[in-house]
Amino acid sequence: MTSPMFEKIALVGIGLIGSSLARVIRREGLAGHVAISTRSAATLARAQELELGDSYTIEAKEAVRDADLVIVSVPVGSSGAVAQEIASALKRGAILTDVGSTKASVIAQMQPHVPDGVHFIPGHPLAGTEKSGPDAGFADLFDNRWCIFTPLPDTDPDALERLSEFWRRCGANIDTMDPQHHDMTLAIVSHLPHIIAYNIVGTADDLESVTKTEVIKYSASGFRDFTRLAASDPTMWRDVCLHNKDAILEMLARFSEDLAFLQRAIRWGDGDKLFDLFTRTRAVRRSIIEAGQDIDVPDFGRQAIEHPIKS
Ligand code: NAP
């Protein structure tokens with residue numbers, strides 16, 4: 001049997017992402033010991049029932065002691081407080097990383113607390129579902145998904161390579177970019193689609209001329225596809241909106257302009273404009289399938305990629 005990549009890995013936060021990491025770390029034998037920490041006694045007890053790790057504690061500081069790799073998987077608005085809490089217990093030479101959906105804000109919150117000799121490498125796996133909590137995770141969540149690092153100017157290349165290898169063994173492909181570029185890119189590919197989904201589902205919920213029963217009954221005609229995104233964790237998405245404000249506002253401004261264009265084309269019966277846009281967008285969907293980021297079955301492939309919960 002090959003030796004584990006890290007003697008001890010500490011997972012701070014054990015929701016969808018943390019528990020998926022716990023499962024793949026065990027499956028791949030990546031750690032000698034997995035220490036789990038989470039804020040609430042209830043989540044900790046559930047993680048223990050699911051046998052996600054080797055030791056369990058409410059105290060994040062306890063979990064990270066002697067760890068070679070520390071992965072913080074909490075809502076982005078809490079990353080500063082967590083970094084402050086664990087800082088004095090981090091081992092010299094340890095790698096500290098996170099999985100937060102925004103990067104510039106997480107760096108601004110965490111970096112000031114990172115002691116000398118600890119390698120802080122911000123990261124973000126582009127993999128998830130609308131579910132949360134330790135029951136929601138599964139070991140192949142990261143398969144063929146991208147994990148983006150936003151290294152700091154003084155990031156140690158050996159530590160970055162070690163962390164990259166860890167994520168490759170979790171199934172992911174690796175990319176690096178600067179934090180501002182990450183935040184702008186994610187604003188369009190992830191944050192805006194969620195905001196639009198929250199908005200359209202909210203609008204439908206407020207309508208008086210169409211009853212709520214009709215919205216639910218006839219949802220398969222399009223609405224349903226937005227409800228999956230709009231069912232995502234409210235705390236996580238509140239924090240994403242607050243912590244990637246500038247990039248999201250920039251993308252929302254562009255979105256509003258394009259929507260006005262579409263509105264005008266519909267008002268003036270400009271079928272050519274509508275047809276051209278809809279043809280262009282259909283090609284985007286084809287490119288996503290060709291890139292292996294979705295499968296070409298009806299219903300957005302959801303039934304085909306249903307994952308049983310694995311402990
Ligand atoms: P989740 O399932 O809701 O789990 C959140 C974890 O963070 C739980 O262990 C929770 O602890 C803990 N937590 C919540 N509030 C906290 C606070 N104020 N202080 C300390 N700990 C707190 O969330 P998730 O989906 O795994 O997301 C975790 C991170 O991954 C977020 O930064 C998110 O942006 C990022 N991310 C998410 C996705 C996705 O699709 N979900 C994808 C990529 C990246 P308790 O349960 O004990 O309260």
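Order of listing sets the numbers, starting from 1, for every ligand and every atom in it. We're numbering straight along the sequence, starting at 1. Predicted model, so just to flag it, every value in this text is computed and none were measured.
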Legend entry - Proximal atoms of ligand 1 relative to Gly100 (non-hydrogen, under 4.0 Å): 32 (O)
Legend entry - Nitrogen or oxygen of Lys131 less than 3.5 angstrom from that of ligand 1: no
Inset, instruction - Provide the number and element of each atom of ligand 1 under 4.0 Å from a heavy atom of Ser78. - result: 16 (C), 17 (C), 18 (N), 19 (N)
Inset, instruction - Indicate, as side chain, backbone, both or neither, the part of Met236 found under 4.0 angstrom from ligand 1 when only non-hydrogen atoms are considered. - result: side chain
Legend entry - atom 42 (C) of ligand 1: nearest protein contact (heavy atom, Å): Ala127 O, 3.0 Å
Inset, instruction - Distance to 0.1 Å, residue and atom name: give those for the protein heavy atom nearest to atom 4 (O) of ligand 1. - result: Gly15 CA, 3.2 Å
Inset, instruction - List the closest protein heavy-atom neighbour of atom 13 (N) of ligand 1: residue, atom name, distance to the nearest 0.1 Å. - result: Pro75 CD, 3.6 Å
Legend entry - Atoms in ligand 1 with a heavy atom of Gly13 nearer than 4.0 Å: 9 (O)
Inset, instruction - Just go through Leu44, Leu141, Leu16, Val240 and tell me whose heavy atom is the nearest to atom 23 (O) of ligand 1. - result: Leu16
Legend entry - More than 12 heavy atoms of other groups within 6.0 Å of Lys273 NZ: no
Legend entry - Ion pair Arg286/Asp296, N-O distance below 4.0 Å: no
Inset, instruction - Under 4.0 Å from a heavy atom of Val76: give me the atoms of ligand 1 that qualify, with their elements. - result: 32 (O)
Legend entry - Location of contacts on Thr129 toward ligand 1, heavy atoms closer than 4.0 Å: backbone
Legend entry - Sub-4.0 Å heavy-atom approach of Gly137 to ligand 1: no
Inset, instruction - Could you check which of Gly128, Ser101, Ser79, Pro125 puts a non-hydrogen atom nearest to atom 36 (N) of ligand 1? - result: Ser101
Legend entry - SB check Glu161 Arg168 (cutoff 4.0 Å): yes
Legend entry - Minimum non-hydrogen distance to atom 28 (C) of ligand 1, winning option of Ser73, Ser132, Ser190, Ser232: Ser73
Legend entry - Shortest reach to atom 35 (C) of ligand 1 by a heavy atom, considering only Val99, Val72, Thr43: Val99
Legend entry - Heavy-atom closest contact (Ser101 atom, Val76 atom, distance): N-CG1, 3.6 Å
Inset, instruction - Examine distances only and state if a side-chain atom of Asn244 and a backbone atom of Asp183 form a donor-acceptor pair shorter than 3.5 Å. - result: yes
Legend entry - Arg162 and Glu165 ion-paired at < 4.0 Å: no
Inset, instruction - Could you tell me whether the side chain of Ser19 and the main chain of Pro134 form a donor-acceptor pair under 3.5 Å? - result: yes
Legend entry - Arg285 and Thr281: CA distance, side-chain angles, deciding distance, side chain to side chain donor-acceptor pair (under 3.5 Å) verdict: CA-CA 7 Å; Arg285 170 79 186 153; Thr281 56; over 6 Å; no
Inset, instruction - Tell me which protein heavy atom sits closest to atom 11 (O) of ligand 1, plus the residue, atom name and distance to 0.1 Å. - result: Thr38 OG1, 2.9 Å
Inset, instruction - Write down the atom of Phe223, the atom of Val201, and the distance for their closest heavy-atom approach. - result: CE1-CA, 3.8 Å
Legend entry - Protein heavy atom at shortest distance from atom 26 (O) of ligand 1: Ile17 N, 2.9 Å
Inset, instruction - Could you check whether the rings of Trp237 and His194 sit parallel, tilted or perpendicular, using 30° and 60° as the cut-offs? - result: parallel
Legend entry - Within reach of ligand 1, part of His124 (heavy-atom separation under 4.0 Å): side chain
Inset, instruction - For Val106 and ligand 1, answer yes if some heavy atom of the residue is under 4.0 Å from a ligand atom, otherwise no. - result: no
Legend entry - Heavy-atom pair of closest approach, residues Phe278 and Leu262: CE2-CD1, 4.3 Å
Inset, instruction - Give a yes or no on whether Phe275 and Trp268 share a hydrophobic cluster (residues Ile, Leu, Val, Met, Phe, Trp, Tyr; joining criterion: side-chain heavy atoms under 4.5 Å apart). - result: no
Legend entry - Nearest-neighbour protein heavy atom for atom 22 (C) of ligand 1, which is reported as residue plus atom name and distance: Arg39 NE, 3.7 Å
Legend entry - Val82-ligand 1 polar pair, N/O distance under 3.5 Å: no
Legend entry - Structural part of Val74 in contact with ligand 1, heavy atom criterion under 4.0 angstrom: both
Legend entry - From Ile14, Ile58, Ile36, residue fulfilling side-chain contact (heavy atoms from CB on, under 4.5 Å) relative to Thr43: Ile14
